[in-house]
Amino acid sequence: MSKPKVLISRRWPASVEAKLLDLYDTTLNQDDHPLSADEFKSALQNYDAVCPSVCDSLPAEVLNVGNKRCKILGNFGVGFNHIDINAARQQGLIVTNTPGVLTQSTADIAMTLLLMSARRGAEGDRLVRAGQWTGWCPTHMMSSDVTGATLGLIGFGRIAQAMARKAHHGFGMKILYFKPSPADQAIVDELQAVRCETLEELLPQCDYVSLHCPGGNDTRHLINENSLRLMKPSAHLINTARGDVVDSKALINTLREKRIAGAGLDVYEGEPNIDPGFLTLDNVSLLPHLGSATIATRTAMGEKVLENLAAFFNGQALPDRVV
Ligand code: DGY
């Protein structure tokens with residue numbers, strides 16, 4: 001019997017690609033170029049499974065292509081706001097994702113950005129490299145304390161909870177969170193976490209605000225001019241969730257006018273195109289969507305896709321079915 005045909009949209013860790021080549025009639029993206037809409041349409045017509053990643057865009061216009069052979073999108077990533085889920089559902093396409101395995105690495109990047117922003121790490125690095133450091137002095141590059149400060153989490157799922165653990169147990173931070181319903185009592189007790197029922201209640205109390213909600217229409221520009229005005233002038237905003245949760249223009253104006261102390265960003269509206277306004281500011285730390293970028297995590301994400309494909313082709317229940 002011929003093997004199912006599988007298309008992988010970008011390069012994946014070598015060990016996972018080797019398993020895919022062994023198990024399926026797999027097409028890899030040898031030169032790792034971003035696939036165009038036409039290439040995705042053709043993939044949907046010619047493969048049993050298509051495996052996109054969070055950098056790919058799969059709107060209805062692509063998913064609705066006629067004569068589809070594809071039955072499953074095995075997404076390499078936990079976020080799926082780049083896939084039109086309603087269109088996938090209407091087209092009878094199964095979508096799976098990779099939850100659970102990138103929790104710690106993404107929370108680590110959130111904590112990295114929090115520390116970079118608080119202690120002006122990227123700015124200090126730039127200064128040293130530019131040969132502009134003239135030596136230690138008592139008032140040079142003073143910054144904000146992290147230990148004992150208050151961290152507000154917007155969203156309180158797996159990654160937010162991992163961030164809260166690092167912050168609370170590692171840095172003695174006080175934890176506030178904003179989520180529609182109360183979190184499990186065990187986690188609340190462990191972290192002595194306090195729930196805020198509104199953003200208006202949470203934002204003015206925080207020294208650091210870290211975003212951990214999903215992207216998409218429901219959270220688009222949740223952080224905007226009005227919400228930024230509720231933050232303390234000494235506060236920092238950290239975004240490792242999705243770029244469109246923050247109104248970039250409003251954040252750039254806020255940072256330019258120093259209405260908050262800093263921001264640390266791993267994700268951007270319209271990434272990889274970054275609003276050039278950010279590049280002119282010293283009080284923002286910018287990373288290129290590195291949240292899950294450890295060898296172990298990216299390999300585990302690939303293994304998750306393999307598990308979902310195996311379940312699908314063996315007619316079993318899918319471990320990580322989104323739709
Ligand atoms: C995801 O999986 O959604 C992440 O953003 C990738 O790092």
Side-chain angles (χ1 to χ4, degrees), residues 8-13 16-17 29 32 34-35 40 49-59 72-85 88 94-114 116 153-163 166 210-220 222-223 237-246 248 263-274 285-309 318-323:
I8 308 300
S9 78
R10 301 298 297 265
R11 294 313 301 258
W12 287 10
V16 187
E17 287 190 346
N29 180 349
D32 207 16
L35 298 189
F40 269 113
V50 173
C51 300
S53 194
V54 300
C55 51
D56 297 316
S57 177
L58 292 169
I72 177 168
L73 299 175
N75 184 50
F76 184 97
V78 67
F80 46 82
N81 59 312
H82 54 292
I83 301 173
D84 186 325
I85 291 297
I94 290 171
V95 179
T96 61
N97 68 344
T98 64
V101 293
L102 44 76
T103 305
Q104 295 301 336
S105 51
T106 306
D108 286 350
I109 280 289
M111 187 49 88
T112 302
L113 281 168
L114 188 155
M116 283 171 72
L153 299 154
I154 297 182
F156 203 52
R158 275 181 298 259
I159 298 172
Q161 291 178 16
M163 170 74 166
K166 292 172 205 297
S210 189
L211 305 178
H212 298 282
C213 50
N217 287 341
D218 292 349
T219 55
R220 186 165 186 279
L222 184 69
I223 300 298
L237 178 73
I238 310 302
N239 190 7
T240 56
R242 280 295 180 264
D244 58 3
V245 179
V246 178
S248 307
L265 308 178
D266 191 39
V267 287
Y268 306 87
E269 285 190 285
E271 67 181 61
N273 302 313
I274 297 183
S285 301
L286 307 170
L287 294 181
H289 205 148
L290 293 182
S292 61
T294 70
I295 297 165
T297 297
R298 290 281 164 85
T299 304
M301 290 164 73
E303 293 288 342
K304 273 259 165 200
V305 181
L306 278 169
E307 284 170 28
N308 282 291
L309 291 183
L318 297 166
D320 306 300
R321 185 167 182 165
V322 175
V323 61

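Both ligands and their constituent atoms are indexed starting at 1 by order of listing. For this chain, numbers begin at 1 and follow the sequence in order.
- Considering only heavy atoms from C-beta on, Leu113 stays 4.5 Å or farther from Leu265 through its side chain.
- No donor-acceptor pair closer than 3.5 Å links the side chain of Thr219 to the backbone N or O of Leu222.
- Other residues, nucleotides and ligands place no more than 12 heavy atoms under 6.0 Å from the CG atom of Asn217.
- In this structure, His212 contributes its side chain and Gly157 its backbone to no donor-acceptor pair below 3.5 Å.
- Within the 3.5 Å criterion, the main-chain N or O of Val305 finds no donor-acceptor partner in the side chain of Asn308.
- Checked against salt bridge (charged side-chain N to carboxylate O under 4.0 Å, His left out), Asp108 has the following partners two or more places apart in sequence or in another chain: Lys166.
- Listed as neighbours of ligand 1 are Val54, Gly77, Val78, Gly79, Leu102, Arg242, His289, Ser292, Met301, each bearing a heavy atom under 4.0 Å from the ligand.
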